[in-house]
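Just so it is clear, the structure is predicted and the values come from calculations on it, not from any experiment. Each chain gets a letter, A, B and so on, in the order its sequence line appears, and its residues count up from 1.
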Number of protein chains: 2
Amino acid sequence: MNFDETDKNLLLFLQEDAKQTTKELSYKLGLSVTAVYERIKKLENSGVISKYVALLDKHKIERNFVVLCHVKLSQHKKEYVLQFEKEIMTLPEVTECFHVSGDYDYILKICLKDIADYRNFMVTKLTTLQHIASTHSSFMISEVKNTTAIVL
Amino acid sequence: MNFDETDKNLLLFLQEDAKQTTKELSYKLGLSVTAVYERIKKLENSGVISKYVALLDKHKIERNFVVLCHVKLSQHKKEYVLQFEKEIMTLPEVTECFHVSGDYDYILKICLKDIADYRNFMVTKLTTLQHIASTHSSFMISEVKNTTAIVL
DNA sequence: GGTGAAAACACTCTCAG
DNA sequence: CTGAGAGTGTTTTCACC
């Protein structure tokens with residue numbers, strides 16, 4: 001798909017605040033309401049905009065103890081990889097899990113209440129998974145930048 | 001703040017799809033439109049719901065080359081830390097940056113088009129920052145799980 | 001806490017140009 | 001792309017359980 005400057009600006013506005021009305025956006029973009037409406041529908045229907053979501057304040061819901069956990073598997077057999085990934089999917093504490101290159105196989109982002117919950121999670125959930133060779137956790141000290149928006 | 005089961009379900013629904021009407025939500029929750037409306041307003045006004053955003057498909061916008069980069073500073077002087085964080089904030093390619101405990105000081109998530117853009121970013125942007133001792137990058141092979149929703 | 005209804009308003013969506 | 005109109009959802013208030 002091809003994006004002109006108006007599309008790029010529109011996508012940035014919607015990534016910052018999805019509850020703006022087409023009227024507000026039409027003013028910011030210098031277009032008519034209908035023109036903006038049709039551009040948004042095109043971006044939605046083509047799948048460029050995948051979904052609209054509410055973001056929560058991690059402090060207010062007591063999930064601001066964030067851990068980035070590196071995981072290494074004992075073997076890279078297809079069966080082991082698939083089983084590990086399947087089990088990770090079911091853990092609500094794990095909000096992100098990326099299969100990566102390098103010393104470790106996976107990097108997980110885990111959102112918890114405090115270090116007691118972290119200990120509980122590691123002992124009763126993560127380390128009970130099969131085929132894990134080792135893990136290495138980094139605790140988040142502060143969130144320097146954390147955006148869902150991608151600038152085009 | 002205190003959340004009952006209805007609030008928890010409501011927050012989950014809104015984290016999955018923020019464009020649902022209060023009518024749809026009232027049906028799913030077994031409440032009246034007014035009751036749902038007032039709960040949502042309360043969650044918005046208290047800051048539990050911090051914002052509503054559009055999420056984009058990284059493949060469709062050609063930013064699906066994701067790198068998780070570990071950065072170590074040469075010294076932890078307050079001045080160096082603040083300068084590094086300030087500069088990171090201005091880089092649009094960096095969508096997330098966490099100050100963490102452990103061997104490295106920061107973990108960054110960087111979204112780019114391809115490995116050529118990665119090379120360019122490292123050479124012309126990241127490694128030109130002051131006070132960086134070392135970096136270690138892991139390329140994302142696959143996204144096992146990537147959600148913005150936190151289950152309460 | 002909750003319901004249901006009514007009214008005013010704003011927005012979405014379609015259509016002719 | 002624009003402007004206008006019809007349809008729909010939002011928002012508020014109210015009496016009441």
Side-chain angles (χ1 to χ4, degrees), chain A residues 1-64 92 113 147-152, chain B residues 1-62 147-152:
Chain A
M1 197 146 158
N2 226 12
F3 305 115
D4 62 12
E5 285 309 307
T6 304
D7 280 330
K8 289 178 186 176
N9 285 327
L10 176 55
L11 286 172
L12 194 56
F13 291 145
L14 290 174
Q15 285 184 100
E16 284 164 351
D17 178 8
K19 281 279 159 95
Q20 292 171 93
T21 62
T22 36
K23 199 174 175 180
E24 289 171 315
L25 291 166
S26 71
Y27 181 73
K28 290 183 186 173
L29 294 168
L31 281 178
S32 69
V33 170
T34 311
V36 174
Y37 175 78
E38 279 167 359
R39 278 173 184 265
I40 294 173
K41 282 300 151 208
K42 194 176 165 192
L43 292 166
E44 287 172 359
N45 294 334
S46 64
V48 172
I49 296 173
S50 59
K51 61 198 308 203
Y52 296 96
V53 301
L55 298 183
L56 308 190
D57 182 320
K58 280 200 275 291
H59 288 84
K60 296 260 165 76
I61 57 171
E62 292 188 309
R63 282 292 189 336
N64 54 318
K113 178 164 170 268
T147 178
T148 53
I150 298 173
V151 182
L152 294 187
Chain B
M1 197 150 158
N2 225 11
F3 306 114
D4 62 12
E5 285 309 308
T6 303
D7 280 331
K8 290 178 186 175
N9 286 327
L10 176 54
L11 286 172
L12 194 56
F13 291 145
L14 290 174
Q15 286 184 99
E16 284 164 350
D17 178 10
K19 282 278 159 94
Q20 293 171 92
T21 62
T22 37
K23 199 175 177 181
E24 289 171 315
L25 291 166
S26 70
Y27 181 74
K28 290 183 186 174
L29 294 167
L31 282 177
S32 69
V33 170
T34 311
V36 174
Y37 176 78
E38 279 167 0
R39 279 172 182 264
I40 293 172
K41 282 298 151 215
K42 194 176 166 192
L43 292 166
E44 287 172 359
N45 294 334
S46 64
V48 173
I49 295 174
S50 59
K51 62 197 309 204
Y52 294 96
V53 302
L55 299 182
L56 308 190
D57 181 321
K58 280 200 273 294
H59 288 83
K60 296 262 164 73
I61 58 171
E62 292 187 310
T147 179
T148 53
I150 298 173
V151 183
L152 294 185

Revision key, fill the gap. Here the helical stems involving DNA chain D, each at least 3 consecutive Watson-Crick or G-U pairs closer than 3.5 Å, sorted by first residue number, are C:1-17 with D:1-17

Check your understanding: If only atom types and distance count, is the side chain of B:Glu24 paired as donor or acceptor with the main-chain N or O of B:Thr21 below 3.5 Å?
Key -> yes

Check your understanding: Among residues 18-36 of chain A, which contact DNA chain C at a heavy-atom distance under 4.0 Å?
Key -> A:Thr21, A:Thr22, A:Lys23, A:Thr34

Point to revise | Those residues of residues 38-48 of chain A lying under 4.0 Å from DNA chain C by at least one heavy atom | key: A:Lys41

Practice item. Quick one: which residue pairs count as a side-chain hydrogen bond (donor to acceptor under 3.5 Å, both in side chains) with a foot in residues 29-38 of chain B, not counting sequence neighbours? Key: none

Check your understanding: Are the side chains of B:Leu152 and B:Leu12 in touch, meaning some heavy atoms are under 4.5 Å apart?
Key -> no

Review point. Looking at residues at least two apart in the chain, or sitting in another chain, which of them share a side chain to side chain contact (heavy atoms under 4.5 Å, CB included) with A:Asn45?
Key: A:Lys41

Review point. Side chain to side chain contact (heavy atoms under 4.5 Å, CB included) with A:Ser46: which residues, sequence neighbours excluded?
Key: A:Met1, A:Val48

Review point. Got a sec: does the NZ of B:Lys19 have more than 12 other heavy atoms crowding it under 6.0 Å?
Key: yes

Practice item. Compare all side-chain heavy atoms of B:Gln15 with those of B:Ile150 and state whether any distance is below 4.5 angstrom. Key: yes

Review point. Who are the side chain to side chain contact (heavy atoms under 4.5 Å, CB included) partners of A:Thr148, not counting sequence neighbours?
Key: A:Leu55, B:Val53, B:Leu55, B:Thr148

**Study point:** Results of side chain to side chain donor-acceptor pair (under 3.5 Å) for A:Lys58 - residues two or more places apart only
**Key:** A:Glu143

Check your understanding: Can you name the salt bridge (Lys or Arg N to Asp or Glu O under 4.0 Å) partners of B:Lys8, sequence neighbours left out?
Key -> B:Glu5

**Study point:** Set of residues satisfying salt bridge (Lys or Arg N to Asp or Glu O under 4.0 Å) with respect to A:Arg39, sequence neighbours excluded
**Key:** A:Asp4, A:Asp7

Review point. Between B:Tyr37 (OH) and C:dA10 (P), how many Å, whole number?
Key: 13 Å

Check your understanding: Does anything in residues 3-15 of chain B reach DNA chain D, meaning a heavy atom under 4.0 Å, and if so which residues?
Key -> none

Exercise for review: Applying side chain to side chain donor-acceptor pair (under 3.5 Å), name anything that partners A:Lys28, two or more places apart in sequence or on another chain.
Suggested key: A:Gln20

